[in-house]
Amino acid sequence: YDVIAKEYEVLLENRFDRKGKDRFQSVTSMNYDAGWKTMVLFYNGHRIKDFPYKLCPVTTRILESVPLAGRIAGFNRQQPDS
């Protein structure tokens with residue numbers, strides 16, 4: 001847990017991609033209405049192009065080693081700084 005929490009903090013510090021787009025996004029209308037945002041690490045079991053996986057090697061290794069039940073795997077938050 002401690003390592004994943006630290007990796008999450010590093011990802012927060014690097015949450016904008018090269019074009020300045022926030023990696024946290026509303027991925028469904030339900031998420032949008034409730035204020036949830038997701039930093040997607042895997043979609044349909046595949047890596048996201050240009051995602052900085054080197055910043056979260058333990059989280060990446062875990063997600064690659066388990067069958068992902070849903071289409072999206074990542075970090076969720078409901079409000080900034082949560």
For this session: Check whether NZ of the Lys or CZ of the Arg Arg15 lies under 6.0 Å from the centre of the six-membered ring of Phe24 and within 45 degrees of that ring's axis.
Result: no
For this session: May I ask you to establish whether Arg47 and Phe42 are in a cation-pi arrangement, using a distance under 6.0 Å from NZ or CZ to the six-membered ring centre and at most 45° from the ring axis?
Result: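 Negative - Arg47 is either too far from the ring of Phe42 or too far off its axis.
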Exercise. Is there a donor-acceptor contact under 3.5 Å from the side chain of Glu7 to the main chain of Leu55?
Worked result: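 Such a contact is absent between Glu7 side chain and Leu55 backbone.
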Rounded at 0.5 Å granularity, tell me how far [atom1] in [X] sits from [atom2] in [Y].
| X | Y | atom1 | atom2 | value |
| --- | --- | --- | --- | --- |
| Leu63 | Ile4 | CG | CD1 | 8.0 Å |
| Asn14 | Lys54 | CG | NZ | 8.5 Å |
| Tyr53 | Glu64 | OH | CD | 8.0 Å |

Problem set entry | Heavy-atom closest pair, residues Asn44 and His46 |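 Nearest heavy atoms, Asn44 then His46: O-CD2, 3.0 Å.
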Problem set entry | Non-hydrogen atoms of Thr60 and Cys56 that approach each other most closely |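 Distance-wise, the nearest heavy atoms are OG1-O, 2.8 Å.
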For this session: State, with a plain yes or no, whether a side-chain heavy atom of Phe75 is found less than 4.5 Å away from one of Thr59.
Result: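 They are in side-chain contact.
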Exercise. Mind checking whether Leu11 and Arg23 have side chains closer than 4.5 Å, heavy atoms only?
Worked result: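 No; the side chains remain at least 4.5 Å from each other.
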Problem set entry | ILVMFWY cluster, Phe51 and Val58 together (side-chain gap under 4.5 Å) | yes
Exercise. Do Phe16 and Val10 share a hydrophobic cluster (ILVMFWY, side-chain heavy atoms under 4.5 Å, transitive)?
Worked result: no
For this session: Using a strict cut-off of less than 4.0 Å between a Lys/Arg side-chain nitrogen and an Asp/Glu carboxylate oxygen, indicate whether Arg18 and Asp50 qualify as a salt bridge.
Result: yes
